Amino acid sequence: MFLRKLLILIIIFLLVHKMSKATFEFLLQMLRPYLTRQIKGSPMIPPHHQLMIAIWKMAMMDSYRSVCDRFNVGRATAVRAVRRVTHALFLNASTFIKWPLVCDHRTLITHCYAGHPDSVHDQRVFRQSEVANYLNDEEKFLGDSHILGDAAYE
């Protein structure tokens, strides 16, 4: 009975979030090491259950009470699952998110442009950023200044 209920919950979950099973499995495989206890201790809920709880909480903005009822877990378990998944996503963010940053000679970040939520070519991002306007402004980008970057920054 429990497995049938879990299977139905997974199907509803994937339909509601418009997430393909392949995408869910990809995320699960990438995050599994972070969602599995490495040392002995009290048992944890399975990684796929943790991932479903976290995605549901992030996407639906339900209260933890509602999430706990839906996934049949306690509040502390749900909170820990969301925290674990969030932390694992943060640790893997550089795999998928590339931030166009500008830094000075001391490597202090002076500008970060995050204006495109989807995949966009570097050159287009640069052309639409404030930095492109600085290049032609003598007050902001002095004549003896340089910008280092790939071909997109021409």
Side-chain angles (χ1 to χ4, degrees), residues 1-132 134 147-153:
M1 182 67 177
F2 175 75
L3 288 176
R4 183 169 184 233
K5 183 178 177 184
L6 182 62
L7 180 61
I8 291 170
L9 187 62
I10 290 170
I11 292 168
I12 292 170
F13 175 86
L14 294 173
L15 290 173
V16 167
H17 295 291
K18 296 182 174 98
M19 180 182 289
S20 71
K21 185 175 181 189
T23 300
F24 183 83
E25 288 296 326
F26 173 79
L27 280 173
L28 182 60
Q29 292 309 315
M30 181 179 69
L31 303 179
R32 185 181 301 276
Y34 305 97
L35 306 179
T36 307
R37 188 175 305 281
Q38 302 300 325
I39 57 174
K40 291 192 183 254
S42 59
M44 294 174 67
I45 61 174
H48 68 275
H49 207 158
Q50 293 180 61
L51 184 57
M52 284 194 306
I53 289 169
I55 292 174
W56 187 276
K57 177 70 174 125
M58 292 174 194
M60 302 303 285
M61 300 303 289
D62 270 350
S63 67
Y64 273 105
R65 177 180 290 177
S66 175
V67 171
C68 293
D69 287 344
R70 179 173 302 281
F71 291 95
N72 195 30
V73 295
R75 180 175 167 77
T77 300
V79 169
R80 282 191 214 107
V82 171
R83 285 183 183 166
R84 273 190 215 101
V85 170
T86 302
H87 182 70
L89 289 170
F90 173 76
L91 293 175
N92 286 279
S94 63
T95 305
F96 304 101
I97 301 172
K98 306 294 183 208
W99 296 102
L101 303 174
V102 176
C103 62
D104 64 10
H105 65 286
R106 296 168 295 178
T107 65
L108 295 175
I109 297 172
T110 59
H111 182 75
C112 176
Y113 181 74
H116 290 86
D118 204 354
S119 178
V120 178
H121 191 276
D122 291 350
Q123 195 170 40
R124 183 172 180 192
V125 171
F126 175 68
R127 280 195 319 258
Q128 294 180 353
S129 73
E130 296 166 355
V131 175
Y134 286 7
I147 186 167
L148 299 176
D150 62 13
Y153 294 89

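The shown structure was predicted, so the numbers you read here are calculated from the model rather than taken from an experiment.
The shortest non-hydrogen separation linking Leu28 to Pro47 is CD1-C, 3.7 Å. Across all their heavy atoms, Cys68 and Ala78 have their closest contact at SG-CB, 3.9 Å. Contact detail for Arg84 and Leu35: the closest heavy-atom pair is CB-CD2, 3.7 Å. Scanning both residues, Met44 and Thr36, for their nearest heavy atoms gives SD-C, 4.1 Å.
Partners of Leu91 according to the side-chain contact (heavy atoms from CB on, under 4.5 Å) rule, which considers only residues two or more places apart in sequence or in another chain, are Tyr34, His87.
Screening Val73, Ile53, Val82 for a side chain to side chain contact (heavy atoms under 4.5 Å, CB included) with Tyr64, the sole residue that qualifies is Val82.
Other residues, nucleotides and ligands contribute at most 12 non-hydrogen atoms within 6.0 Å of the CZ atom of Arg65. By the neighbour-count criterion of 12 heavy atoms within 6.0 Å, atom CZ of Arg32 is densely surrounded, having more than that number from other residues, nucleotides or ligands.
A perpendicular orientation is assigned to the rings of Trp56 and Phe71, their planes being inclined by more than 60° (bins at 30° and 60°).
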Query - Check against side chain to side chain contact (heavy atoms under 4.5 Å, CB included), Thr86 and Met58 - result: CA-CA 10 Å; Thr86 302; Met58 292 174 194; 3.2 Å; yes

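Remark: Ile55 CD1 to Lys57 NZ distance equals 14.5 Å, nearest 0.5 Å.
The shortest side-chain heavy-atom distance between Arg37 and Pro43 does not fall under the 4.5 Å cut-off.
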